[in-house]
Amino acid sequence: MKDLRIFLLPILILFNSSFLFSQDVSFKVTGISGVAFIEKADKSLRVFRGSEIHNEYKLRTSSNSQAEISITKNGGKIGNITVNENTILLVNPPIYKNIDKDNKISLSLLEGYIKVNIQKDIGNIVEIHTANTSAIVRGTEFEVAFAENGSSIVLLSEGSVDIVTDEDKKVLSPKEAYIKTMDEESKIIKQNAESDPIVFLNRGEEISRADSLSTIENLINAMENISQEEVVYVSPLNNEAYNDKYINDMEMKRYRMLAANEGYYNTIIKLINLEPDKKIEMTAYARKSLALYSANQRAINKMNSAIIKNREKFDKIRKDFDVKIGASIPNQ
């Protein structure tokens, strides 16, 4: 019995200890039906009520399962998330080590469907990212789904949501839905039966699996573009080091790149596993997608370094400017 306790201790510390993984923001599972897992790389542990999800870990729900997550900051509850079946939700690592520079609560939806309720007037920005869409809120109720064919949908119940993509920025109003496809088409519609997240996910799955080889190739092409995007965005970032708006946009772009790399790769592997009779052909796709995944991670890390470097430059210039302005104001 003593040996068993010794074996279980590091696992319990890894996934549930608040003293070891102390963080201002925490994500705790307050309800679970069915089966779900907390995962990171080769680590996986079944979820129970009270489990905590830390930075860089994913919550994965199985079929006919659902998890309720409570979001707290500095001990106070600021919202909750319902994670529906067959969903993967990643807690994004902060870009900055200095928490004062990063007051954003950032999550990436890699697959499936979530409902989010954030309390108003909490003073923090909450971001939900998919491969092609960022939803930014300060307090509202909304839903996000990411389908197997690479399409995203954001539905708003009340309040407002800022929608940010590579192409544009829009403000979503209550009872509206924003839809973005992998081929970059987007639209805002009034919510209806077709915009229901479950219907949206089922339709995406039907489209994806009608020609799974074509879907895999499209997703691989999309993964190839991720590392190219790093080259496109890092150069202007270095040239516009003192543009606060540009740096903010690149912070969100970085999270979308991360969601795309994780989400597309996850879908490719899932589709490959559905074709056991095409083992030789699928092995080539598996190897290529893994190579792209690794290359994209390096590109994302490079972009992250550029963002941090330029944010530090901008903050220093702004601080020096404030000091000069303060010194130029005569004492009353």
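Under the rule for a side chain to side chain contact (heavy atoms under 4.5 Å, CB included), the partners of Leu155 that lie at least two apart in sequence or sit in another chain are Glu143, Ile153, Ala177, Gln191, Ser195, Pro197. Shown here are the salt bridge (charged side-chain N to carboxylate O under 4.0 Å, His left out) partners of Glu185, two or more places apart in sequence or in another chain: there are none. For Arg254, the salt bridge (charged side-chain N to carboxylate O under 4.0 Å, His left out) criterion is met by no residue, not counting sequence neighbours. Residues passing the salt bridge (charged side-chain N to carboxylate O under 4.0 Å, His left out) test with Glu205, sequence neighbours excluded: Arg209. With sequence neighbours excluded, no residue satisfies side chain to side chain donor-acceptor pair (under 3.5 Å) with Thr215. Applying the side chain to side chain donor-acceptor pair (under 3.5 Å) test to Asp196 and every residue at least two apart in sequence or in another chain returns nothing. Annotation: salt bridge (charged side-chain N to carboxylate O under 4.0 Å, His left out) contacts of Glu262 (sequence neighbours excluded): Lys58. For Ala36, the side chain to side chain contact (heavy atoms under 4.5 Å, CB included) partners are Ile32, Val47, Leu59, Thr61, not counting sequence neighbours. In this view, Ser208 and Glu148 satisfy the side chain to side chain donor-acceptor pair (under 3.5 Å) rule, not counting sequence neighbours.
Hydrophobic clustering places Ile71 together with Val137 (ILVMFWY residues linked when any side-chain heavy atoms are closer than 4.5 Å, directly or through intermediates). Leu274 and Ile268 fall within the same hydrophobic cluster, where Ile, Leu, Val, Met, Phe, Trp and Tyr residues are linked whenever their side-chain heavy atoms come under 4.5 Å apart, directly or through other members. In terms of hydrophobic clustering, with Ile, Leu, Val, Met, Phe, Trp and Tyr side chains grouped at heavy-atom distances under 4.5 Å, Leu89 and Phe48 are assigned to different clusters. Val25 and Val91 fall within the same hydrophobic cluster, where Ile, Leu, Val, Met, Phe, Trp and Tyr residues are linked whenever their side-chain heavy atoms come under 4.5 Å apart, directly or through other members. Hydrophobic clustering (side-chain heavy atoms under 4.5 Å, transitive across Ile, Leu, Val, Met, Phe, Trp, Tyr) groups Phe146 together with Ile163.
Using a distance-only test at 3.5 Å, with no hydrogens or angles considered, no donor-acceptor pair links the side chain of Asn261 to the main chain of Met257. When atom types are taken as modelled, the side chain of Thr133 and the backbone of Thr130 share no donor-acceptor pair closer than 3.5 angstrom. Under the 3.5 Å distance criterion, the side-chain polar atoms of Thr72 are left unmatched by any main-chain donor or acceptor of Gly75. Remark: side-chain polar atoms of Ser65 are paired, donor with acceptor, to backbone N or O of Val35 under 3.5 angstrom. A donor-acceptor contact shorter than 3.5 Å links the side chain of Asn132 to the backbone of Gly150. Side-chain atoms of Asn310 come within 3.5 Å of backbone atoms of Ala306 as a donor-acceptor pair (strictly under, hydrogens ignored). Formation of a donor-acceptor pair under 3.5 Å by the Glu52 side chain with backbone atoms of Val29 is not found in this model. In terms of modelled atom types and a separation under 3.5 Å, the side chain of Thr82 and the main chain of Ile114 share no donor-acceptor contact.
At a cut-off of 3.5 Å, with distance as the only test, a side-chain donor of Ser134 or His129 sits close to an acceptor on the other residue. Checking Thr181 against Ser151 by side-chain atom types alone, no donor-acceptor pair falls below 3.5 Å. Between the side chains of Ser294 and Asn296, no donor-acceptor pair is found at a separation under 3.5 Å. Side chain to side chain, Asn266 and Glu111 meet the donor-acceptor criterion of an N or O pair below 3.5 Å.
Applying the ring pair (Phe, Tyr, Trp, His ring centres under 6.0 Å) definition to pairs two or more places apart or across chains, those involving residues 279-313 are Tyr265-Tyr293. For residues 281-295, every residue pair satisfying the salt bridge (Lys or Arg N to Asp or Glu O under 4.0 Å) rule, not counting sequence neighbours, is listed here: Glu224-Lys288.
In this structure, Val171 shares a hydrophobic cluster with no other residue, the cluster being traced through Ile, Leu, Val, Met, Phe, Trp and Tyr side chains under 4.5 angstrom apart.
Between Asp168 and Lys170, at least one side-chain nitrogen of the basic residue sits less than 4.0 Å from a carboxylate oxygen of the acidic one, meeting the salt-bridge criterion. A salt bridge between Asp166 and Arg256 is present, with a side-chain N of the basic residue lying under 4.0 Å from a carboxylate O of the acidic one.
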Does Ser186 form a side-chain contact (heavy atoms from CB on, under 4.5 Å) with Thr165? I'd like the steps, not just the answer. CA-CA 10 Å; Ser186 64; Thr165 68; over 6 Å; no

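What you find for Glu85 and Asn64 is that their closest heavy atoms are OE1-N, 2.5 Å. In plain terms, the two heavy atoms of Met223 and Ser289 that are nearest each other are CE-O, 3.6 Å. Across Lys28 and Gly50, no two heavy atoms sit closer than the pair CG-O, 3.9 Å. Minimum heavy-atom separation, Ala147 to Leu201: CA-CD2, 3.7 Å.
Atom CG in Asn218 sits 10.0 Å away from atom CG in Asn149 (nearest 0.5 Å). One distance of note links CD of Gln297 with NZ of Lys302; it measures 15.5 Å at 0.5 Å rounding.
For the pairing with Ile69, the side-chain contact (heavy atoms from CB on, under 4.5 Å) check across Ile53, Asn80, Thr30 returns one residue only, Ile53.
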